[in-house]
Number of protein chains: 2
Amino acid sequence: MSSDHLVAPADATNLPIARLTLHEQIVTRLRDMVTDGSLPSGQRINEVAVGEQLGVSRTPLREALKTLAGEGLIELVPGRGTVVRKFTLQGVADALEVLKALEQLAAHRACAKATDAEIEMVLNLHRRMMDCYAARDRLSYFKLNQAIHSAILEIAGNPTLARMHQMLQAQMKRIRFIGNERAEKWAGAVAEHEAMAAALAARDGAALAVLLGQHLDNTLERVRDAL
Amino acid sequence: MSSDHLVAPADATNLPIARLTLHEQIVTRLRDMVTDGSLPSGQRINEVAVGEQLGVSRTPLREALKTLAGEGLIELVPGRGTVVRKFTLQGVADALEVLKALEQLAAHRACAKATDAEIEMVLNLHRRMMDCYAARDRLSYFKLNQAIHSAILEIAGNPTLARMHQMLQAQMKRIRFIGNERAEKWAGAVAEHEAMAAALAARDGAALAVLLGQHLDNTLERVRDAL
DNA sequence: AGACTGTGGACTGTATGCAGAATTGACGCA
DNA sequence: TGCGTCAATTCTGCATACAGTCCACAGTCT
């Protein structure tokens, strides 16, 4: 047997291979199902039905539901199971307010400590996002948008901050997704992103924080009638 | 039979009786066990052992562990179970930084919209806490301290904000508890609380935010050698 | 007719059982 | 003595089984 088999194949990274438990996989699947609407908000989740649909037993499914409840995506009603959380306008406003505080903190930190390579990476994401806007590719735009915000949070280098942000972002994902449907709203968001990219390139944390704040304030307006 | 038996006994409230699932009870028990140190940080959790200790089977216990993992109190290691999360100095600093952002947001909101009764309620907690300090009752002081911070978060009237704050506060609880052991540190914290109470009484959100920020910055120093 | 009560089915909450991965400790070897 | 290997044991991950709760519908009584 040639020793080639002992070295990593060409496409392998050196990262430890992902050891996903069933529980974790279910968590991400359910998160996606909430985002894409196959689990409508307010819907009661039937454990046996969803379990069969995903091909898993109730045990890991229930564990996943507990995790998602901790993230605030669903709610546990004792004796009556779980329902997908329903957002009121006020609830969204509240969440966006917290998101704003977190992202502004991240903005200051990120601008202060980002390497040139990291900034270039974000700007690259931004350019690709703009291409998607030009092509009116809403789904790709949306994913890159989230990636940019997450990247800034990563660069800030505060794992706790990143965790909290991800939780909130997951909650808002569904609503934001339906939010940018109207063309003029989308255009507005794009303009804001241009300004934010410029502030980041200039490492102007204060300016970036202000722009992020405005962006999120406007987000509330954009998603207003998506409820 | 006298109709007296049909009315509620003297000590009964009219609130719906708390329907706690086993899962929820286990969550709070485990949280306490992490705080009081009976589950030392870094310790690997043996499901059968802890299950027997609490008198529950592994299923609800595992569900509780998933919840706590979502809160960041413990970590799930695939194939190897769960361990109580270990904090580095940097990790605590990161968490306190986020806590600061959240509490400052809450400070502004709370000062803006609190009723007189709510402010009086917090000031009352504060006075009771000072009594505990005078009596050197560390445990009661500690609980009232947490209660004050939580109360301000409640008054802010943003459930999402309150949720995030509670998660972080739960993480820091253990460390803070060992933090105030030295008398001079305790005195410093007390002085800061006096100033914060005054700012709240004056409904000066900006001042309260600044004071909270300093308080948390100092908290980091106070807990520094508790790691 | 309307309201209340009892019963059956469905679903959640908890316990237990089983298979596979991980750890420990002994043993052999250098 | 130190290190690597391998087997036994322990523990986790998942599935299944059982028990208790909720809900809807039908029957009964006023």
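These figures come from a predicted structure and were not determined experimentally. Below, read A as the first sequence line, B as the second, and so on, with proteins coming before strands; counting in each chain starts at 1.
- Atom CZ of Arg174(A) and atom CE of Met33(A) lie 12.5 Å apart (nearest 0.5 Å).
- Atom OG1 of residue Thr82(B) and atom CG of residue Leu73(B) lie 11.5 Å apart, to the nearest 0.5 angstrom.
- Looking at heavy-atom distances under 4.0 Å, Leu65(A) makes no contact with the nucleic acid at all.
- Note: CG (Leu76(B)) to C1' (dG13(D)) measures 12 Å, nearest angstrom.
- Scanning atom types as modelled, no donor and acceptor separated by under 3.5 angstrom connect the side chain of Thr21(B) and the base of dT12(C).
- Across the protein-nucleic acid pair, Ile74(B) atom CD1 and dT12(D) atom C1' stand 14 Å apart, rounded to whole Å.
- The listed nucleotides are dG13(C), dC11(D), dC14(D); the one nearest the side chain of Pro60(A) is dC14(D).
- Atoms CG (Leu22(B)) and C1' (dA15(C)) sit 11 Å apart, rounded to a whole Å.
- Rounded to an integer number of Å, the gap from His23(B) NE2 to dA15(C) C1' is 17 Å.
- Toward the 5′ end of DNA chain D lies the nearest nucleotide of Glu47(B), the other residue of the pair Gly55(A) and Glu47(B) mapping further downstream.
- Rounded to an integer number of Å, the gap from Leu20(B) CG to dT14(C) C1' is 16 Å.
- Comparing dC14(D), dC11(D), dT14(C) against the side chain of Arg44(B) picks out dC11(D) as the nearest.
- Considering NE2 of His215(B) and CD of Glu103(B), their distance stands at 7.5 Å, rounded to 0.5 Å.
- Counting atom types as modelled, Arg80(A) pairs no side-chain N or O with a base atom of dG13(C) as donor and acceptor under 3.5 Å.
- Taking every side-chain heavy atom of Ser57(A) into account, dC14(D) is the closest of dT12(C), dA15(C), dC14(D).
- Side-chain atoms of Thr59(B) lie closest to dA15(C) of the nucleotides dT12(C), dC22(D), dA15(C).
- Using a 4.0 Å heavy-atom cutoff across all strands shown, Ile26(A) reaches no nucleic acid atom at all.
- Side-chain atoms of Gln90(B) and Asp94(B) include a donor-acceptor pair closer than 3.5 Å.
- The listed nucleotides are dC11(D), dA15(D), dT12(C); the one nearest the side chain of Arg58(A) is dT12(C).
- Rounded to whole angstrom, the span from the CZ atom of Arg62(B) across to the P atom of dT12(D) amounts to 8 Å.
- Note: CG (Asn46(B)) to C1' (dT12(D)) measures 10 Å, nearest angstrom.
- Heavy-atom minimum distance, Ala156(A) versus Arg109(A): O-NE, 2.9 Å.
- Distance CD (Glu63(A)) to P (dT12(C)): 16 Å, rounded to an integer number of Å.
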